[in-house]
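Here's the structure we're looking at; comments come further down.
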Amino acid sequence: MAMATRKIQKLPCYVLLVFVLCIAFAPLALSWRQNEGFDHDENYEGSSDFVDLEYHMGPVLAAPINLYIIWYGHWNPSHQSTIRDFLYSLSSSSVSYPSVADWWKTVKLYTDQTGANITGSIALSGEFYDSRYSHGGYLSRLDMQSIIKNAVTSSPRALPLNAHNGIYLVLTSSDVQVQDFCRAVCGFHYFTFPTIVGATVPYAWVGYSGTQCPGMCAYPFAWPQYSGKPPPSTNGGNNIMKAPNGDAGADGMVSVIAHELAEVSSNPLVNAWYAGEDPTAPQEIADLCLGVYGSGGGGGYVGNVYKDRRGNGYNVNGVKGRRFLVQWVWNPVKRRCFGPNAKD
C-alpha cells in the first residue's frame with residue numbers, strides 16, 4: 001500500500017491495518033479476544049483469488065546483506081538489545097524451530113530475472129549513534145536520506161557507504177516526531193538519491209511508538225486509542241496480549257522492521273515484486289499480510305500464536321532465548337500468507 005500523498009517515495013502503510021480492518025471487518029480493537037486463548041484454527045490467511053502479485057523485472061537483494069543501523073535520538077539500551085537480537089536471529093541456524101530464520105525462508109523464495117533467490121545471509125555490520133539529533137526532533141521523510149549522509153560522512157566513526165550490498169536502517173527514538181508517523185505509517189523503505197547521499201542504496205525507517213502511538217504501531221500489544229480499552233498498566237480488565245520482550249514499543253518495532261526488511265529485499269528499487277498497477281503505490285509482500293501472525297489470522301484477529309508461561313504472545317524463536325511476534329508475508333508458492341508457525 002501507499003499513501004495518496006506519496007509521489008515518488010514508497011510508503012508502506014503498515015499502520016493502515018487499523019483503518020483497513022475497521023472498514024472491512026469488526027473494529028480491530030475488539031477482534032482479538034483473550035477468551036480465544038491465542039488459538040483459532042480456521043484458515044483465513046489471504047486468498048490467491050484476490051492477489052495479483054507480479055514480478056516487474058527489477059533486482060532483488062540476492063547478495064549477502066550488510067545491515068547498518070542508525071540509532072537516531074536517545075535510546076533505552078534494553079530496547080536496542082531486543083532489536084539487535086532480532087536482527088542477529090535472521091541468519092542464525094542454531095535456534096529451535098520455528099525461528100526467525102525459518103520465517104525469512106519465505107522471503108528467500110523470491111527471485112530475480114536470473115533465478116537468483118533473495119539471500120539468507122544478513123549481517124549486522126555497523127551501528128551509528130546520532131544522539132545529537134543531527135536533523136532535529138521533527139523529521140520529514142526526505143530527512144532520512146540526509147541522516148544516512150551524516151552517518152556515512154561523520155568522522156571518526158562513520159559508517160561505510162556500501163552501494164554493493166548494504167541496507168541502512170534508520171530507527172528513531174520515542175521523542176522524535178516523523179512526518180506521518182502514527183497517522184499514516186509506522187515505517188517505510190525506499191532508496192537513496194546519489195545527489196544527497198552519494199550513491200543509490202536501499203534503506204528503511206522505523207519509529208519507536210511506545211509513547212506516541214502504541215495502539216497504532218505496536219498492536220497487538222496495545223489497544224488502539226479509540227477502542228475504549230484501558231492502557232496496559234491500569235487495572236481495568238485489560239486483556240491485551242503481552243509483549244514477549246517486555247516492552248510494547250520495542251516488540252512492536254520488531255514486527256515493523258521485519259515487514260520493511262522483507263519488502264526492501266524483494267522490491268529494493270520499487271520495480272521488482274509487488275501487486276497493483278501503480279509502482280508508486282505498490283502492495284508488497286508484507287503489505288498483503290498485514291495483521292496476520294498465525295493460522296486463522298485475518299479480520300483483526302492475529303491468528304494462532306504461542307503463549308509462554310507469563311502470557312506473552314510470540315510466533316518465532318530468536319537468539320539468546322528471545323521470542324518475537326512477527327507478521328507473516330506472502331508465500332509465492334503457496335499463494336497465501338505464511339509463517340513457520342502455520343498449522344498446515
Side-chain angles (χ1 to χ4, degrees), residues 1-25 28 44-62 106-113 115-118 141-142 144 167 179-181 183-193 200 202-206 216-217 255-293 297-300 326-339:
M1 290 185 206
M3 294 296 296
T5 56
R6 174 181 168 276
K7 299 183 185 299
I8 298 177
Q9 185 158 333
K10 164 69 174 70
L11 296 178
C13 297
Y14 187 88
V15 300
L16 289 185
L17 164 63
V18 175
F19 175 75
V20 171
L21 295 178
C22 285
I23 292 178
F25 305 95
L28 176 64
Y44 298 122
E45 305 99 47
S47 169
S48 60
D49 296 336
F50 300 101
V51 175
D52 60 343
L53 183 70
E54 295 181 352
Y55 177 54
H56 298 267
M57 304 306 289
V60 301
L61 300 186
T106 299
V107 181
K108 288 169 59 180
L109 293 173
Y110 290 87
T111 63
D112 63 15
Q113 57 185 306
N117 292 82
I118 290 175
R141 298 169 197 157
L142 193 58
M144 301 305 163
I167 295 180
Q179 180 184 0
D180 288 334
F181 184 36
R183 184 185 69 81
V185 294
C186 297
F188 63 79
H189 77 86
Y190 202 53
F191 54 86
T192 61
F193 304 144
T200 298
Y203 74 92
W205 159 78
V206 179
M216 289 293 288
C217 297
S255 191
V256 184
I257 289 169
H259 177 119
E260 298 304 335
L261 289 179
E263 293 186 340
V264 76
S265 298
S266 57
N267 197 28
L269 301 182
V270 200
N271 61 356
W273 288 96
Y274 63 87
E277 299 297 325
D278 184 0
T280 68
Q283 289 278 325
E284 298 177 284
I285 69 170
D287 294 328
L288 295 168
C289 302
L290 288 171
V292 177
Y293 298 83
V326 179
Q327 75 144 91
W328 285 5
V329 295
W330 187 261
N331 186 307
V333 177
K334 297 180 179 292
R335 294 191 58 77
R336 64 180 177 90
C337 300
F338 187 77

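Since the model is a prediction, treat every value here as computed from it, not as a measurement.
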**Asked** For W273, what residues pass the side chain to side chain donor-acceptor pair (under 3.5 Å) criterion, not counting sequence neighbours?
**Response**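 By the side chain to side chain donor-acceptor pair (under 3.5 Å) rule, W273 matches no residue at all.
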**Prompt:** Partners of N331 by side chain to side chain donor-acceptor pair (under 3.5 Å), sequence neighbours excluded?
**Reply:**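 N331: no side chain to side chain donor-acceptor pair (under 3.5 Å) contacts found.
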Starting at [atom1] of [X], measure out to [atom2] of [Y] and round the result to the nearest 0.5 Å.
X: L53; Y: L288; atom1: CG; atom2: CG; value: 6.0 Å
X: C289; Y: E284; atom1: SG; atom2: CD; value: 12.5 Å
X: I118; Y: I285; atom1: CD1; atom2: CD1; value: 6.0 Å
X: M144; Y: F188; atom1: CE; atom2: CZ; value: 5.0 Å
X: M57; Y: N271; atom1: CE; atom2: CG; value: 10.5 Å
X: W328; Y: Y293; atom1: CH2; atom2: OH; value: 12.5 Å

Distance-minimising heavy-atom pair for [X] and [Y]:
X: P282; Y: D287; result: O-OD2, 3.6 Å
X: P268; Y: P202; result: CB-CB, 4.4 Å
X: N267; Y: H189; result: O-CE1, 3.4 Å
X: L142; Y: F193; result: CD1-CE1, 3.9 Å
X: V60; Y: S266; result: CG1-O, 3.8 Å
X: A62; Y: A116; result: CB-CB, 4.0 Å

**Prompt:** How far apart are the C-alpha atoms of W205 and F181, what are their side-chain angles, what is the distance that settles it, and do they pass the ring pair (Phe, Tyr, Trp, His ring centres under 6.0 Å) test?
**Reply:** CA-CA 10 Å; W205 159 78; F181 184 36; 5.3 Å; yes
**Message:** Working note: D112 + Y55, criterion side chain to side chain contact (heavy atoms under 4.5 Å, CB included); need CA distance, chi angles, decisive distance, verdict.
**Reply:** CA-CA 8 Å; D112 63 15; Y55 177 54; 3.7 Å; yes
Who are the side-chain contact (heavy atoms from CB on, under 4.5 Å) partners of [X], not counting sequence neighbours?
X: A258; answer: F86, W103, V326
X: E54; answer: H56
X: N117; answer: T111

**Item:** Partner of Q327 by side chain to side chain contact (heavy atoms under 4.5 Å, CB included), out of V256, V292, L290
**Value:**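 The residue from V256, V292, L290 that satisfies side chain to side chain contact (heavy atoms under 4.5 Å, CB included) with Q327 turns out to be L290.
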